[in-house]
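Have a look at the structure below, then the notes.
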Amino acid sequence: MELTGADIIVRFLQDEGVDHLFGYPGGAVLHIYDAIYKQDKVKHILVRHEQAATHAADGYARSTGKPGVVLVTSGPGATNAVTGIATAYMDSVPMVVITGQVPTPLIGNDAFQEVDTVGITRPCVKHNFLVKDVKDLAETLKKAFYIATTGRPGPVLVDIPKDVTADRTKYIYPKKVEMRSYNPVVKGHSGQIKKAVTMMLNAKRPMIYTGGGIILADAAKPLADLAHQLGFPVTNTSMGLGGFPATDKQFLGMLGMHGTVEANMAISHCDLLIAIGARFDDRVTGKIEKFAPSARIIHVDIDPASISKNVTVDVPIVGDVNSVLKAMIAQLKESGRKPDGEALAKWWEQIEEWRAKECLKYSTKGKLIKPQYVIETLYKVTRGDAFVTSDVGQHQMWAAQFYKFDKPRRWVNSGGLGTMGFGLPAAMGVQFAHPKATVVSINGDGGVQMNIQELATCMQYGLPLKIICLNNGFLGMVRQWQEFFYDERYSQVHVEAQPDFVKLAEAYGHVGMQIEKPEDVEKALKEAFAMKDRLVFMNFLTDPGENVFPMVPAGAGLDEMILI
Amino acid sequence: MRHIISILMENEAGALSRVAGLFSARGYNIESLSVAPTEDPSLSRLTLVTRGSDQIIEQITKQLNKLIDVVKLLDLTEGPHVERELMLIKVKASTGTQREEIKRLCDIFRGHIIDVTDKSYTIELTGNVAKLDAFIETLKKEEILETVRSGITGIARGDKALHI
Ligand SMILES: Cc1cc2nc3c(=O)[nH]c(=O)nc-3n(C[C@H](O)[C@H](O)[C@H](O)COP(=O)(O)OP(=O)(O)OC[C@H]3O[C@@H](n4cnc5c(N)ncnc54)[C@H](O)[C@@H]3O)c2cc1C
Ligand SMILES: Cc1ncc(C[n+]2csc(CCOP(=O)(O)OP(=O)(O)O)c2C)c(N)n1
Ligand SMILES: [Mg+2]
């Protein structure tokens, strides 16, 4: 039987096992929405802005490992989705975005709602396609899913002109695709792995630095095994949090611009740096010349272009971290050797000295709520077992520092692009993927307003999110930079007029709470979390002068942190 | 250093703009670029000339390889290779002595006159960059009406071949 392109798209999504589709309709995708109407296997989530569709799909993907899927119309639908696509691209999130396009005969004519979607998104997707013939449709969609989810994951966009969704052809689900031009490497080079293990065994001051790659590869288990067998200290990037249990003694916390003293000092003094699924981002390295200056470096990454991009490494290993870590463990066993215990003991002694500085300690004096205290209490109240999404700003860093993630895929934040407006819609995607789980979204008063309209989506689908707004009345992260580096010239960072967030939440049909005193924090959180089936928006009025410490100023080395 | 990177890629609409876009987005420079389908019409062969430190060239080749449409690539400058560029050049040739002199130069450089009017010659010349540059240098500036160069193409010497 021949199906229309629209039916093929929906049938394909069903066959591919897609259960949620985040989208927003429009002219170019009318046929597709008609096909969606006629079935109930793929659940369509109607957001209130296309940016939110992409962030929700992103949250779905990060918290499950499955690709997030988005459907938007041509023109403004596609351009509204761009920020979310770029966000997913920077953080290597598997996502497939289907965009409607004007009919093929009109392409290039400045037709109604026409933009060059493939051209606009080219620099922020892993790959994109324009489907010009319905006969190519199913296979192209399969390629999109295959590319998005393999190798270094990323968003893939498929632009489909309206006439292609009306044309008919036979549909057979393509179970497999092969592409001569795309074959990601999985297995690491055995000689390099052997060399790396020997270096680990000989190291005096080793340091394991892991990132988002551990989460993306679902490699938390082999990482913990290797780290425990070696007894080496571990630090995570902000993208890697949860990849190694934060409550483990061997964990030194996050490194980088707002990393801990122990992590940053250990990086600065180690003699062997083992980088696994991390990409030496400038927020992590600080001044490159001062990054791990006395270390030899091993770097495991599935993307050869990540290796020796910012920092030249001694032992590059291209491959999937899951497979490489297992090979390292096997190699370690085969060697029959143990790491240098005496040297390690001395190294740990030094690390404990740094750790004793308790760099995350903050003052609890005063009548104002300290944002750090809210996160600490949140950790306590949720017993460290919630899914936490975050927006971008100071609150994001406090969440990263104070919520101790023991499991992967629990911490969802925009690291690479730093997209304000991410936190709330991303939490929706997480909640759709885990309907029974506790999902918290931590936001600032600035960013939460960038996609606040999604409170309506949450109402429509009964999402019981717990939304925390750390309201300091400022675009706090920018204010902090102006305080430190621009002599307190606070330019356009005071958010003077704010909505009444309690009434706003109520207007959308949710529960709103305002918390103004430190002694009310715990009680309020407990109360909110007891409302299992309601969305609760908690507006915490926090100390506006609070800053994120430690901080490595731009251009400084990791050992040149500003401390409280 | 100057590198000639030869790329075998899917002959898809937009493939070329992915390469060009990569260079502009990452701030690499392209000195020249030439592209055409191969004997297998599903594949294009693209040759580009770029400059950069070893570290930059390493990133360029890695980033190019990462493009989904790129099937294979080779840095020709890493081994013995032949490089050629085609030039079409239109020159003023109105007086008898002018015509004589240009014809003579053209023969020395082993070019061909491929179009003739009573005021001009159009010459076809193939060679490496230095040879084409030298020819232009030899002609007097005021004699040149128009220059068209194809950009460099190249191939490895010996049995080594970039194919799938
Ligand atoms: C306000 C703000 C402040 C920030 N401050 C900090 C900070 O202090 N510290 C910090 O760490 N970050 C900070 N960030 C985040 C930072 O910008 C980067 O996003 C982050 O450091 C990158 O993490 P990553 O190196 O783990 O890379 P990711 O972006 O997570 O990349 C993952 C790497 O793993 C590789 N990979 C993927 N899959 C696999 C696989 N299967 N096998 C092997 N490798 C794989 C990829 O190729 C890639 O190289 C901040 C962000 C913001 C917005
Ligand atoms: C879309 C977008 N615009 C601007 C920025 C720059 N920026 C980074 S943090 C920040 C302030 C965020 O303020 P708020 O949401 O109140 O969080 P806070 O830092 O106060 O916790 C800004 C403006 C950004 N990251 N994203
Ligand atoms: Mg704020």
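A, B, ... follow the sequence lines: proteins, then strands. Residue 1 opens every chain.
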query = Are the side chain of A:S181 and the backbone of B:V70 linked by a donor-acceptor contact shorter than 3.5 Å?
reply = no
key: NZ/B:K131: more than 12 non-hydrogen atoms of other groups inside 6.0 Å   = yes
note = Okay, A:I307 and chain B: the region with an atom under 4.5 Å from a heavy atom over there is both
inquiry  = Around atom CD of A:E139, are there more than 12 heavy atoms from other residues, nucleotides or ligands closer than 6.0 Å?
reply    = no
key: Within 6.0 angstrom of A:K142 NZ, more than 12 heavy atoms from elsewhere   = yes
key: Crowding at CG, A:N109 (>12 non-hydrogen neighbours, <6.0 Å)   = yes
key: Heavy-atom proximity to chain B below 4.5 Å, by part of A:R122   = side chain
ask   = A:N128 and B:R18: side-chain contact (heavy atoms from CB on, under 4.5 Å), yes or no, with the steps?
value = CA-CA 10 Å; A:N128 57 17; B:R18 287 183 210 280; 2.9 Å; yes
message = With rounding to the nearest 0.5 angstrom, report the CD1 to CZ distance, B:I68 to A:F129.
response = 7.5 Å
key: Heavy-atom check, side chain of A:K126 versus side chain of B:K66, under 4.5 Å   = no
query = Which bit of A:D303 comes within less than 4.5 Å of chain B, counting heavy atoms only: side chain, backbone, both or neither?
reply = side chain
key: Heavy atoms from other residues, nucleotides or ligands near CG of A:N183 exceed 12 (cutoff 6.0 Å)   = yes
query = So A:K309 and B:K62, side-chain contact (heavy atoms from CB on, under 4.5 Å) or not? Walk me through it.
reply = CA-CA 10 Å; A:K309 180 167 64 179; B:K62 283 173 165 180; over 6 Å; no
message = Quick check on the interface: out of B:I164, B:L67, B:D69, B:T61, who has the most heavy-atom pairs with chain A under 4.5 Å?
response = B:D69
ask   = What closest approach, in Å, do A:S308 and B:E58 show between heavy atoms, and which atom pair accounts for it?
value = CB-OE2, 4.0 Å
ask   = Side chain, backbone, both or neither: which part of B:S42 has a heavy atom under 4.5 Å from chain A?
value = both
key: Residue part contacting chain B, namely of A:P123, when any heavy atom lies under 4.5 Å   = neither
query = Does atom CD1 of B:I155 have more than 12 heavy-atom neighbours, drawn from other residues, nucleotides or ligands, at distances under 6.0 Å?
reply = no
Crowding at CD, A:E178 (>12 non-hydrogen neighbours, <6.0 Å) = no
query = Does a sphere of radius 6.0 Å around CZ in B:R99 hold more than 12 heavy atoms from other residues, nucleotides or ligands, not counting ones at 6.0 Å or beyond?
reply = yes
